[in-house]
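These notes concern the structure reproduced below.
Note: hydrogens, waters and symmetry copies are ignored here, and every other heavy atom, side chains too, is used.
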Amino acid sequence: MRHEVRRLILLLLPAGIFFAAFFLLPMARLFFIGGSGKTGWAAYAAILTDMHYFSSLVSTLGVATATTVATLIISGIAGVFLQRHKFPGNGALVAMLTFPLAFPGVVIGFMVIMLAGRQGLIGQVTQALTGEKLVFAYTMAGLFMGYVYFSIPRTILTVMAAAEKLDPKLEEAARSLGASPWRVALDVIIPGLKPAFISAGAICFATAVGAFGTAFTLAAKINVLPMVIYTEFTLSANIAMAAALSFVLGIVTWLVLAIARTAAGSTVAAAG
Amino acid sequence: MTEASKPLAIALENCAKTFADGTKALEPLDFAIEAGETVVFLGPSGCGKTTTLRIIAGLEEPDAGGRVLFDGEDVTHLPIEQRNVGMVFQSYALFPNMTVAGNIGYGLRIRKTPDAAVKARVAEMLGMMQITKLADRRIDQLSGGQRQRVALARAIAVRPRALLLDEPLTALDAKLRDTLRLDIDKLLRSLGITAIYVTHDQAEAMALGDRIVVMEHGRVAQIGKPREIYQRPATRFVAEFIGTMNRLTGTTKDGVFACSAGSLPWAGAPATATEILFRPEDIRVAESGEVTGLQGTVAAAFFLGDRTRLFVEVGEARPLVIESTARRDFSHGEAVRLAIDPRGLLVL
Ligand SMILES: Nc1ncnc2c1ncn2[C@@H]1O[C@H](COP(=O)(O)OP(=O)(O)OP(=O)(O)O)[C@@H](O)[C@H]1O
Ligand SMILES: [Mg+2]
């Protein structure tokens, strides 16, 4: 018995050291720095009471949630379709869809501007059609578009891998019992893909919460936490506030992922 | 029994199947299955049993020109969800996100059956399959045999017009296979439902089938009652595929078949017979003093308890197989005299 315990401790050691060095210690440090500013621990309260901070927290979580939902819907449908239907050019299309994986956030932001910016394609088309120029690159909508764009590749590959493992006999059984294609999707395909949706969704959410480059490129009216942290840190030199915001951002993301994981009842890659 | 729907007659007309990759799985098939009949598709792997079943189910369409008729009505292009046929797969195909009861009630819920009626029917099915205790289990908490019972209950719960089973017992161990086979047999008879049962196990086919469709390379080799198929096989393939067949080559002259084992008086012998086939039960070791012109040497003897299986060398490519019930030992290399019942002789 004692031997067994010793073995377990030994096996846990690497993970434990890693966890302590790269998570526990920095987080604790961050937590205390957050309380060390001019206002002391009130910095944490300010996140909830100061409208500037609070609204940025809410919009960060909002845009991350919207990104996750939109990405899952798009990659769910596209992923299953691409896995099921092998047509000429299928491989090239999949490769193309995974293209944005390599782009830094700045490039994504630049692409959003090219599409929906003042000189963008959408602006030109809408001007020609309605006489009014539609420009949304520099708003939350632009950010949302950029995030969806770079989240799709990560998600679609996970969905395709999971779709390949779905048992076609389950769908045939459901159909033999009278299920329409819509019911088959609802009762067989979506439940079958649920673990993939949850793990891909968690990564998608966490990435969208912490992404900085895209927001930085689009700049202007966008008020998301990573941007606020950046301004507090560099422009206002308010290191304590930046630390408090970072700490809360970390905790909230961790909480959301933990909830997702319990909902899944299985292991989910919690990327931060 | 509360099965309302009346059994279905199924007919295939000119149903061929060529897959997209060019594989010709079925040559044009024609046959009819009577209402309430249990038909077994039997044949070696890859002969097209599953493909035929899937065409009947509506999971595949036959090549142009083929027709599937349900009670005379053309359903060739009707998708499976509108055919009302129950399916049971070798891999069970139970929904892992539902309980046992959830699985069994699924088809009824799809049909918007009132909750109380679903519950009652599920309870009835659980009872019929003797799995009432398992109602609230998750699927991964069941053994293979239990899973297949759930799959059967799920397929029957909606009162399908026909039940299609694709090797339902192949994944189970021998003992369980026997029990479940008996239960399926009882079930099919009590429901009186039209059933098609795919297997490559001939014992299963013999036990369950009212009729057997023996298939070979995408063709029907023979259709008939189990006894006909066994005793009057239509082709060499059927004769060799079903049961054990002995073979002797030689020549026929004046009602006597002469071969390397000796001579066999055979009154009705066709003059052209150069090869005769017969089952192990139609040949025996002759009693001492009995007159016979055939003999061989024992190559191997296996005592099986109720009988001894003998392999007797007679100078043919394969030794003869003989099932002896004699209460005596046989030793390797022993010379034995043989007697054949001419009524069991086949010429194909
Ligand atoms: N989707 C498909 N595409 C191409 N060829 C196929 C497809 N399905 C089956 N085949 C081929 O058709 C032939 C008949 O297959 P089928 O599954 O009907 O055989 P089976 O008699 O059920 O065999 P088994 O006993 O192994 O299940 C085989 O040669 C098989 O390789
Ligand atoms: Mg098969």
Closest non-hydrogen atom pair, A/Asp187 against B/Tyr106
OD2-OH, 2.6 Å

Take a 6.0 Å sphere around CG of B/Asp173 and say whether it holds more than 12 heavy atoms from other residues, nucleotides or ligands.
yes

Just checking B/Lys119: does its NZ atom have more than 12 heavy atoms from other residues, nucleotides or ligands closer to it than 6.0 angstrom?
no

Please find the pair of heavy atoms, one from A/Ala173 and one from B/Ala93, that lie closest to each other, and give the distance.
CB-O, 3.8 Å

What do you reckon, is CG of B/Asp140 surrounded by more than 12 foreign heavy atoms closer than 6.0 Å?
yes

If I measure from the heavy atoms of chain A, does B/Arg111 come under 4.5 Å with its side chain, its backbone, both, or neither?
side chain

Nearest heavy-atom pair of A/Asp167 and B/Ser91: which atoms, and what distance?
OD2-OG, 4.3 Å

Which pair of heavy atoms, one from A/Gly178 and one from B/Ile110, lies closest together, and at what distance?
O-CG2, 3.4 Å

Grab the two heavy atoms, one from B/Glu81 and one from A/Ala179, that are nearest each other, plus how far apart they are.
CB-O, 3.5 Å

Got a sec: does the NZ of A/Lys86 have more than 12 other heavy atoms crowding it under 6.0 Å?
yes

Give the C-alpha distance, both sets of side-chain angles, the deciding distance and a yes or no for side-chain contact (heavy atoms from CB on, under 4.5 Å) between B/Arg154 and A/Leu177.
CA-CA 8 Å; B/Arg154 179 180 70 177; A/Leu177 293 164; 3.5 Å; yes

How long is the span from the NZ atom in A/Lys169 to the CE atom in B/Met87, to the nearest 0.5 Å?
8.0 Å

If you count the non-hydrogen atoms of other residues, nucleotides and ligands that lie under 6.0 Å from CZ in A/Phe22, is the total more than 12?
no

Non-hydrogen atoms of chain A under 4.5 Å away: do they reach the side chain of B/Leu164, the backbone, both or neither?
neither

Ignoring hydrogens, what is the shortest heavy-atom contact between B/Phe95 and A/Leu170? Give both atom names and the distance.
CE2-O, 3.5 Å

